[in-house]
Amino acid sequence: MYPDSRCSLEHENAFQLLVATVLSAQCTDARVNLVTPELFARFPTPAALADALQEELEEIIRTTGFFRSKTKSLLGLSAALEDRFDGRVPSSVEELTSLPGVGRKTANVVLGVAYGIAEGVVVDTHVKRIAYRLGLTRQTDPEMVEQDLIALLPEKERVVFTHRMIDHGRAICVARKPRCAECDLHDICPSSLV
DNA sequence: ATCCCGAGGG
DNA sequence: CCCTCTGGAT
């Protein structure tokens with residue numbers, strides 16, 4: 001299933017991935033990919049983004065939702081990258097989550113996709129829902145779900161696992177009305193409706 | 001009305 | 001733990 005699953009947020013470097021992942025909160029990545037070309041063309045570096053006008057930034061990213069707080073996060077994290085990390089995206093969870101607007105989920109995405117580091121597991125809304133339905137966890141708090149998945153998955157499997165869960169969550173195991181009859185896992189899934 | 005690759009604040 | 005932030009798609 002999903003042999004070639006990978007990150008679907010369009011990006012060319014760690015900085016762009018960080019920005020796109022911040023924008024992806026409570027928003028489809030397809031919509032994020034609609035605004036990032038203009039965003040990256042106007043503000044290609046942390047230094048450029050840190051100097052952006054708030055109003056201009058809000059206008060560009062408005063359709064991704066939560067645009068005021070996301071604008072604040074992008075301005076804050078760009079300034080922090082300049083001030084504390086020499087304009088580079090750091091490669092540890094502690095440093096990444098010290099940036100405004102960056103929590104464990106975003107940090108794990110950047111570490112895994114940009115740097116190939118998978119000490120944690122990305123737990124987004126799809127991973128959380130599907131792990132629960134499959135009986136891989138009984139937890140509902142994302143950090144607790146992550147601990148269960150870390151115990152289940154060797155490091156090499158963690159990055160691709162998340163992307164497969166996301167693909168599966170979009171195509172089959174959707175939130176509202178899962179298509180269990182089309183699911184390859186229906187006979188081993190404790191939540192299967194068929 | 002519910003959901004989308006969440007995070008911060010109370 | 002709870003709440004709020006936000007627009008677009010279904």
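Proteins get letters first, then strands, A, B, ... in listed order; numbering begins at 1 in each.
Here dG6(B) presents its C1' atom at 13 Å from CG of N108(A), a figure rounded to the nearest Å. In this entry the distance linking CE of M144(A) with C1' of dC1(C) reads 14 Å, nearest Å. With rounding to whole Å, M165(A) atom CE is found 15 Å from dC4(B) atom P. We find that NZ of K177(A) is positioned 16 Å from C1' of dA1(B), with the value rounded to whole Å. Straight-line distance from the CZ atom of F66(A) to the P atom of dC3(B): 14 Å, rounded to whole Å. In this entry the distance linking NZ of K70(A) with P of dA7(B) reads 11 Å, nearest Å.
At a threshold of 4.0 Å, the pair D29(A)-R170(A) counts as salt-bridged, since one of the basic side-chain nitrogens sits closer than that to a carboxylate oxygen. Here E38(A) pairs with R42(A) in a salt bridge; the nearest charged N to carboxylate O distance falls below 4.0 Å. R104(A) and E146(A) are joined by a salt bridge, as a carboxylate oxygen and a charged side-chain nitrogen come within less than 4.0 angstrom of each other.
Across all strands, P100(A) comes closer than 4.0 Å only to sugar-phosphate atoms, never to a base (heavy-atom distances).
Using a 4.5 Å heavy-atom threshold, the side chains of M1(A) and D167(A) count as separate.
dC4(B) and dC1(C) have their C1' atoms separated by 24 Å, given to the nearest Å. Separation of the P atoms belonging to dC5(C) and dC5(B) is 22 Å when rounded to the nearest angstrom. When the P atom is compared between dG9(B) and dT6(C), the two are found 14 Å apart, to the nearest whole Å.
For the OP1/OP2 pair of dC4(B) and a distance below 4.0 Å, the side-chain nitrogens and oxygens of T125(A) include at least one atom meeting the criterion. When the side-chain nitrogen and oxygen atoms of R129(A) are compared with OP1 and OP2 of dC5(B), none of them lie within a distance under 4.0 Å. For dT6(C), the OP1/OP2 oxygens have no side-chain nitrogen or oxygen of R62(A) closer than 4.0 Å.
Checking dC4(B), dT6(C), dA1(B) against the side-chain heavy atoms of R176(A) singles out dA1(B) as nearest. Checked against dC5(B), dA7(B), dG7(C), the side chain of T106(A) finds its nearest nucleotide in dA7(B).
Residue T140(A) is the one, among T140(A) and T64(A), whose nearest nucleotide of DNA chain C lies closer to the 5' end (criterion: closest heavy atom). Comparing L99(A) and L9(A) against DNA chain B, the residue whose closest nucleotide sits nearer the 5' end is L9(A).
No aromatic stack links F67(A) and the base of dG7(C), using centre distance under 5.5 Å and interplanar angle under 30°.
Of the residues listed (L96(A), L18(A), L77(A)), the one engaging T106(A) in a side-chain contact (heavy atoms from CB on, under 4.5 Å) is L18(A), and it is the only one.
Looking at Q147(A) and E143(A), their side chains never bring a donor and an acceptor atom within 3.5 Å of each other. Counting only N and O atoms by type, the side chains of S92(A) and E95(A) include a donor and acceptor under 3.5 Å apart.
Scanning both residues, A107(A) and V93(A), for their nearest heavy atoms gives CB-CG1, 4.2 Å.
Remark: S24(A), A25(A), Q26(A), C27(A), T28(A), D29(A) in residues 17-33 of chain A come within less than 4.0 Å of DNA chain B through at least one heavy atom.
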